[in-house]
Amino acid sequence: MYDTSARQIRDFTPLRPGCVSIYLCGATVQAAPHIGHIRSGLNFDIMRRWFEYRGLEVTFVRNVTDIDDKIITKSAEQGRPWWSIGYENERAFTDGYRALGCLPPTYEPRATGHITEMVEMMRGLIERGHAYAADGNVYFAVASFPEYLGLSNQELDNLLQPSGEGETGKRDPRDFAMWKAAKPGEPSWETPWGRGRPGWHLECSAMAHKYLGSVFDIHGGGLDLIFPHHENEIAQAKAYGDEFARYWVHNAWVTMSGEKMSKSLGNSVLVGEMVKRWRPVVLRYYLGTPHYRSMIEYSEEALREAESAFTRIEGFVQRVTELAGGVVEPAAEVPPAFAEAMDDDLGVPQALAVVHTTVRQGNSALAADDKEEAVARLAEVRAMLGVLGLDPLDPHWAGGSDRGEDLHGVVDTLVRMVLDQREAARARKDWPTADAIRDQLGRSGLVIEDGPQGPRWSLGPR
């Protein structure tokens, strides 16, 4: 996989044989998630699924930043408690991850639940000469850590460190805040250096240490986190004595008109609204199948293309399942070409090409009435789609309590009644009536396919 810190592809060797430990920077919960936020979760969900397919036990930690400047600002603007805003939006993120089929993390710690660990880390850094207290703030002294900026590859002399209001008492303008002195009306916690609240960077260093120890395999997040967040995490953790992450993996953004999708730019597309307009599995296909290091330029046309592509796969799965007369279990192993693509820096686009090739082979077998070959191809397709979290027969997509699934049965009964009328017209050679019924169904958004087992319907692309 591509390691940002090494700036090259590196062979992945886990710290502990048979186990993989991953820390992913998760949600900052000042607002509901847009699809750019969820993309990161999807990319690392696919990574996790591939490791598990390879037989590795994965410990996956994805944190929640439930206190920071943005949340406090929202609290003041809306006249609501900061924790109310944070919890509401944390729920929205959880709903978004779940809707798009992301497996739940092994641990999902909140920053505010780990103040004790943060205080302990600051105390250790002060004792080692890497941090100092001033005016109720605690700062990391970047000049004390020679490796600083190794991840982002910047020059220390040219560094412009982001600073917030009230960050007084710095010995060097390049130092960054680990702890911020309390301000009137803001949340705060007691420390040996006075009341205050944590800085964003300290939160992740402390939580990664608690849940994954002094060294772990992979630290992930979006490209925008390389500096200052991940750079400052490294400085804190290593200066504290941790080896920290052995590989750094960063996903690219979702953009609109060439700009990173963000709340501040006002160009976000909220997940909660998108799932009302598009099936969640289609959104997963759209966000999860480009390479994780490639930018995705958002457009309705691209979503329609994703819908059409997934519908072709879904149609094949449904046709062969009906032909087989029951569920065809996934193959024990994915095709070698799929595995080769996934082992090459999670090459999902190349792996997906193998899926589509296998679907075409299966459709050819269906056309030739070769049931055995079609079933064999379906088993391979299901194995590959399972790794990508896109198997239409997975219970997450195929059944359960979703009201849409209940309606599918109702629609199926009604469409079958109309198709029976069409079949009756065909039987008496009333071709104009049969064609008129088919055309009417088509205008309703349904695709009708005539096969050896009779006609079947599916939703057409929008």
Side-chain angles (χ1 to χ4, degrees), residues 35 99-101 269-287 289 297-324 352 355-356 359-360 362-367 369 374 378 381 385 390-394 396-462:
I35 59 175
L100 270 63
V269 183
L270 297 181
V271 175
E273 294 302 315
M274 293 292 285
V275 296
K276 297 175 184 176
R277 298 166 49 213
W278 302 88
R279 286 195 296 159
V281 68
V282 169
L283 285 176
R284 183 180 178 98
Y285 186 99
Y286 170 67
L287 294 171
T289 55
E297 174 66 16
Y298 172 80
S299 72
E300 293 282 319
E301 181 182 359
L303 263 166
R304 283 191 291 271
E305 291 173 357
E307 183 180 48
S308 295
F310 181 74
T311 299
R312 288 194 296 273
I313 296 173
E314 188 177 40
F316 166 71
V317 172
Q318 292 171 346
R319 285 191 294 274
V320 180
T321 300
E322 291 173 6
L323 177 64
L352 191 64
V355 174
H356 283 288
V359 167
R360 287 193 293 271
N363 281 327
S364 296
L366 283 173
D369 205 19
L378 174 57
V381 167
L385 293 178
L390 289 168
D391 183 0
L393 301 183
D394 186 289
H396 182 81
W397 310 118
S401 60
D402 186 83
R403 181 62 179 162
E405 297 301 327
D406 298 337
L407 291 175
H408 185 280
V410 175
V411 174
D412 182 65
T413 300
L414 295 173
V415 174
R416 292 290 172 194
M417 292 171 59
V418 178
L419 290 177
D420 287 344
Q421 295 174 21
R422 177 173 175 264
E423 288 302 290
R426 284 158 60 94
R428 63 178 182 266
K429 301 188 185 317
D430 183 359
W431 308 118
T433 298
D435 290 345
I437 292 173
R438 182 188 182 105
D439 292 345
Q440 181 61 46
L441 290 172
R443 286 192 292 273
S444 301
L446 301 177
V447 175
I448 307 303
E449 299 174 88
D450 294 308
Q453 285 74 45
R456 64 183 304 279
W457 69 273
S458 61
L459 288 173
R462 61 191 73 198

Using the rule given for side chain to side chain contact (heavy atoms under 4.5 Å, CB included), can you reason through Leu441 versus Leu419, listing the C-alpha separation, both sets of side-chain angles and the distance that settles it, and then say yes or no?
CA-CA 9 Å; Leu441 290 172; Leu419 290 177; 3.8 Å; yes
Using the salt bridge (charged side-chain N to carboxylate O under 4.0 Å, His left out) rule, take Glu300 and Arg277 through it: C-alpha gap first, then chi angles, then the decisive distance, then the call.
CA-CA 11 Å; Glu300 293 282 319; Arg277 298 166 49 213; 2.5 Å; yes
Intermediate values then yes/no, side chain to side chain contact (heavy atoms under 4.5 Å, CB included), Leu390 and Thr289
CA-CA 10 Å; Leu390 289 168; Thr289 55; 4.1 Å; yes
Going through the checks in order, is the side chain to side chain contact (heavy atoms under 4.5 Å, CB included) test met by Arg319 and Leu323?
CA-CA 6 Å; Arg319 285 191 294 274; Leu323 177 64; over 6 Å; no
How far apart are the C-alpha atoms of Leu283 and Leu303, what are their side-chain angles, what is the distance that settles it, and do they pass the side chain to side chain contact (heavy atoms under 4.5 Å, CB included) test?
CA-CA 8 Å; Leu283 285 176; Leu303 263 166; 3.8 Å; yes
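Closest approach of Pro392 to Trp397, counting heavy atoms only: O-CB, 4.0 Å. Heavy-atom minimum distance, His356 versus Ala309: CE1-O, 3.8 Å. The nearest pair of heavy atoms linking Leu100 to Pro280 is CG-O, 4.0 Å. Nearest heavy-atom pair across Ala425 and Ala434 is CB-N, 4.0 Å. Closest approach of Gly362 and Ala374 over heavy atoms only: O-CB, 4.2 Å.
At least one side-chain heavy atom of Tyr286 sits less than 4.5 Å from a side-chain heavy atom of Tyr298. Between Phe316 and Val320 there is a side-chain heavy-atom pair separated by less than 4.5 Å.
The distance from atom CG of Asp391 to atom CD1 of Ile313, rounded to the nearest 0.5 Å, is 10.5 Å. Atom CG in Leu378 sits 9.5 Å away from atom CG in Leu366 (nearest 0.5 Å). If you take CZ on Arg284 and CD1 on Ile35, they are separated by 14.5 Å, rounding to the nearest 0.5 Å.
Within the 3.5 Å criterion, the main-chain N or O of Asp435 finds no donor-acceptor partner in the side chain of Arg422.
Look at Arg279 and Glu314 and you find a salt bridge, because one of the NZ, NE, NH1 or NH2 atoms lies within 4.0 Å of a carboxylate O, short of that distance. A salt bridge between Arg312 and Glu307 is absent, with no side-chain N of the basic residue lying under 4.0 Å from a carboxylate O of the acidic one. Salt bridge absent: Arg304 and Glu301 never bring a charged side-chain N and a carboxylate O closer than 4.0 Å.
The salt bridge (Lys or Arg N to Asp or Glu O under 4.0 Å) test applied to Glu305 returns no partner, not counting sequence neighbours.
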